[in-house]
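Report on the following structure.
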Amino acid sequence: MTGRAPARGASPGDGPLPSRLADRLSLRSRFALLAAAAAALVVVGVAGASWFLVRVRLNQQFDDQLRASAELAARSTSAQDALGVLRSDTPQRRGPGGPGGRRSDLVVQFV
């Protein structure tokens with residue numbers, strides 16, 4: 001012991017906040033808090049991984065569809081033929097026009 005008196009207003013258990021909190025919690029409460037934190041980290045990790053994988057897959061699908069459309073257009077002999085092929089290849093989307101929907105807009109630039 002150093003022989004010094006504790007600081008004014010300090011008790012022997014005073015210290016950094018985490019140790020004081022740990023002193024007040026029972027072992028069961030500490031384990032419950034640890035399990036809840038671990039579960040939260042797992043949920044955040046799985047959500048992040050799922051988001052990343054879905055993002056990659058959607059980009060792949062878009063690239064594949066774009067590449068297939070470009071190959072179809074490249075095989076055509078004229079711009080009119082290419083537009084006709086691309087319009088017939090474009091999937092229909094359901095819109096306010098009814099169950100048949102309408103064709104999505106198609107923008108093609110020939111260079």
### Contacts of type salt bridge (Lys or Arg N to Asp or Glu O under 4.0 Å), residue D64, not counting sequence neighbours
R67

Using a 3.5 Å cut-off and no angle test, enumerate the donor-acceptor pairs between side-chain atoms of residues 34-55 and protein atoms at least two apart in sequence or in another chain.
| unit_1 | atom_1 | unit_2 | atom_2 | d |
| --- | --- | --- | --- | --- |
| S50 | OG | V46 | O | 2.9 |

#### Entry: Nearest-0.5 Å distance that lies between atom CD in Q61 and atom CG in D63
10.5 Å

### Task
Not counting sequence neighbours, list each pair that qualifies as a side chain to side chain donor-acceptor pair (under 3.5 Å) and has a residue in residues 28-46.
S26-S29

